[in-house]
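Working notes, beginning with the structure itself.
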Amino acid sequence: MARRLRPVGLEFVETAPLRLVFAREVSASPEAVYRALADGTADWPEWFTAVTLCRPVDTADGGKGREVRLKGGTRFWETVVAAEPAQRYAYRVDEANAPGLRALLEEWRLAPAGTGTRVQWTFAADGAAPFRFALTLGRAGMGRAFRDAVTALDRRLAAANA
């Protein structure tokens, strides 16, 4: 059953009780990476294996949002809170069926790195103590999932430009 989460703003990226930050450089341009993140929502399952469904939706207030399903059955309903081409894409989770989760915001920062892009993903969360403990234990696995996803995205973007 989905539960409503606490609405948070972009400042939560810096103030969240639990912040997991991962970064990796890819050969694709910031513009190409941004388009894949923000405009290619439905394609996320093609490169981020934890994601089984990602589709754009309109929010109740007329904004942009996403419905996301993960392997294992976790579901999120999100609101896009930042869409700055070639720089930042961030979304807040408004509803989720994950137990113990109180607030969640994810931010993807993009910066030029040589001829490619430095991709930084921040997972900012708040939840009950068991939830925070489980995420802390799962940090290495989340880091591996991020690295694998960004590597697969980079390969996908390179193949599209070949």
Identify whether [X] and [Y] are in the same connected component of the hydrophobic contact network (ILVMFWY, side-chain heavy atoms under 4.5 Å).
{"X": "L105", "Y": "F22", "value": "no"}
{"X": "V8", "Y": "W121", "value": "no"}
{"X": "V33", "Y": "F123", "value": "yes"}
{"X": "V13", "Y": "L20", "value": "no"}

Problem set entry | salt bridge (charged side-chain N to carboxylate O under 4.0 Å, His left out) against E95, all qualifying residues, sequence neighbours excluded | R4

Exercise. R66: what forms a salt bridge (charged side-chain N to carboxylate O under 4.0 Å, His left out) with it, not counting sequence neighbours?
Worked result: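 Here the qualifying residues are E78.
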
Nearest heavy-atom neighbours spanning [X] and [Y]:
{"X": "A96", "Y": "L5", "answer": "CB-CD1, 4.2 Å"}
{"X": "V80", "Y": "A83", "answer": "CG1-CB, 4.2 Å"}
{"X": "T117", "Y": "P30", "answer": "OG1-N, 2.7 Å"}

To the closest 0.5 Å, what do you measure between [atom1] ([X]) and [atom2] ([Y])?
{"X": "T79", "Y": "D94", "atom1": "OG1", "atom2": "CG", "value": "3.5 Å"}
{"X": "E31", "Y": "L110", "atom1": "CD", "atom2": "CG", "value": "9.0 Å"}
{"X": "T122", "Y": "R109", "atom1": "OG1", "atom2": "CZ", "value": "8.5 Å"}
{"X": "E106", "Y": "F12", "atom1": "CD", "atom2": "CZ", "value": "11.5 Å"}
{"X": "F133", "Y": "L135", "atom1": "CZ", "atom2": "CG", "value": "11.5 Å"}
{"X": "R88", "Y": "Q120", "atom1": "CZ", "atom2": "CD", "value": "11.5 Å"}

With side chains defined as the heavy atoms from C-beta onward, is the minimum distance between [X] and [Y] less than 4.5 Å?
{"X": "L70", "Y": "V51", "value": "yes"}
{"X": "N97", "Y": "T74", "value": "yes"}
{"X": "V68", "Y": "L53", "value": "no"}
{"X": "L153", "Y": "V26", "value": "no"}
{"X": "R147", "Y": "R144", "value": "yes"}

Exercise. After noting the C-alpha distance and the side-chain angles of D58 and K64, does the key distance pass the side chain to side chain contact (heavy atoms under 4.5 Å, CB included) rule?
Worked result: CA-CA 5 Å; D58 292 328; K64 297 294 178 194; 3.5 Å; yes

Exercise. According to the side-chain hydrogen bond (donor to acceptor under 3.5 Å, both in side chains) rule, which pairs have a member within residues 126-141, sequence neighbours left out?
Worked result: R6-D126

Exercise. Who are the ring-ring contact (aromatic ring centres under 6.0 Å, His included) partners of F131, not counting sequence neighbours?
Worked result: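 So F131 forms no ring-ring contact (aromatic ring centres under 6.0 Å, His included) with any residue.
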
For this session: Could you note down all residue pairs passing ring pair (Phe, Tyr, Trp, His ring centres under 6.0 Å) where residues 61-89 supplies at least one of them, sequence neighbours left out?
Result: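 Pairs touching residues 61-89 that pass the test: Y89-Y91.
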
For this session: Keeping the roles fixed (side chain from R3, backbone from A98), state whether a donor-acceptor pair exists under 3.5 Å.
Result: yes

List, one per line, each side-chain donor-acceptor pair under 3.5 Å for residues 34-50, sequence neighbours excluded.
from, atom 1, to, atom 2, distance (Å)
T41, OG1, A38, O, 3.4
W44, NE1, A36, O, 3.4
W44, NE1, L37, O, 3.1

